[in-house]
Enquirer: 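After the structure tokens below, expect a handful of questions from me.
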Amino acid sequence: MKTLRLNLFLVTIALVSAPALSDLVISKVDRRINLSSPIVRITSSIKVVNEGLKPESEVLFAFVERHSENLAYLSVSTSEGKGKAKGPVSTLPLTVM
């Protein structure tokens, strides 16, 4: 029994300390809370940067069940470039699991 607990503990430590298998990095998070009307609106912008050499085909964001039940609108878009050289923003498909 002690050997099983030790093995489970070692596996848990190995999984927690293992690096992520993706080259995606969250580089900026911005949250705005609008209290100017009776309906509170919270807008969060998350900038994800691919620091790898190959393009990624999908990004998975997990929400707590309590938050996902109260989610009214979710949009995903992409933009490339910086400042005035920034290209047009295109909307991406979104899949809810």
Side-chain angles (χ1 to χ4, degrees):
M1 187 68 169
K2 287 183 180 181
T3 307
L4 178 62
R5 286 185 183 173
L6 179 63
N7 287 340
L8 287 175
F9 176 73
L10 292 175
V11 168
T12 303
I13 294 297
L15 289 174
V16 170
S17 64
L21 299 176
S22 176
D23 292 323
L24 297 176
V25 176
I26 296 176
S27 65
K28 182 179 179 182
V29 177
D30 181 32
R31 174 176 279 175
R32 295 182 184 153
I33 301 174
N34 184 351
L35 301 173
S36 63
S37 69
I39 299 174
V40 177
R41 293 192 173 122
I42 301 172
T43 304
S44 298
S45 299
I46 302 171
K47 182 178 180 181
V48 179
V49 177
N50 184 2
E51 294 186 345
L53 299 175
K54 62 179 185 170
E56 294 290 333
S57 61
E58 62 184 23
V59 177
L60 177 65
F61 283 103
F63 294 97
V64 180
E65 185 177 349
R66 178 174 54 101
H67 292 169
S68 64
E69 290 172 352
N70 295 318
L71 186 65
Y73 178 75
L74 181 64
S75 174
V76 179
S77 61
T78 181
S79 63
E80 295 183 19
K82 292 183 178 181
K84 292 183 180 180
K86 188 182 280 188
V89 175
S90 58
T91 304
L92 301 173
L94 177 66
T95 304
V96 177
M97 302 171 89

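Just so it is clear, the model here is predicted, and its values are computed rather than measured. Nothing fancy with the numbering, it's 1 onward along the sequence.
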Enquirer: Look at Asp30 together with Arg32 and state whether they make a salt bridge at an N to O cut-off of under 4.0 Å.
Expert: yes
Enquirer: Any chance you could measure Ile46, atom CD1, to Ser27, atom OG, to the nearest 0.5 Å?
Expert: 10.5 Å
Enquirer: If you group Ile, Leu, Val, Met, Phe, Trp and Tyr whenever their side-chain heavy atoms sit less than 4.5 Å apart, what else falls in with Val40?
Expert: Ile33, Leu35, Ile42
Enquirer: Indicate if Ile26 and Val49 have the same hydrophobic cluster label, given that clusters are the connected sets of ILVMFWY residues with side-chain heavy-atom separations under 4.5 angstrom.
Expert: no
Enquirer: Decide if atom CD of Glu65 counts as having more than 12 heavy atoms of other residues, nucleotides or ligands within a radius under 6.0 Å.
Expert: no
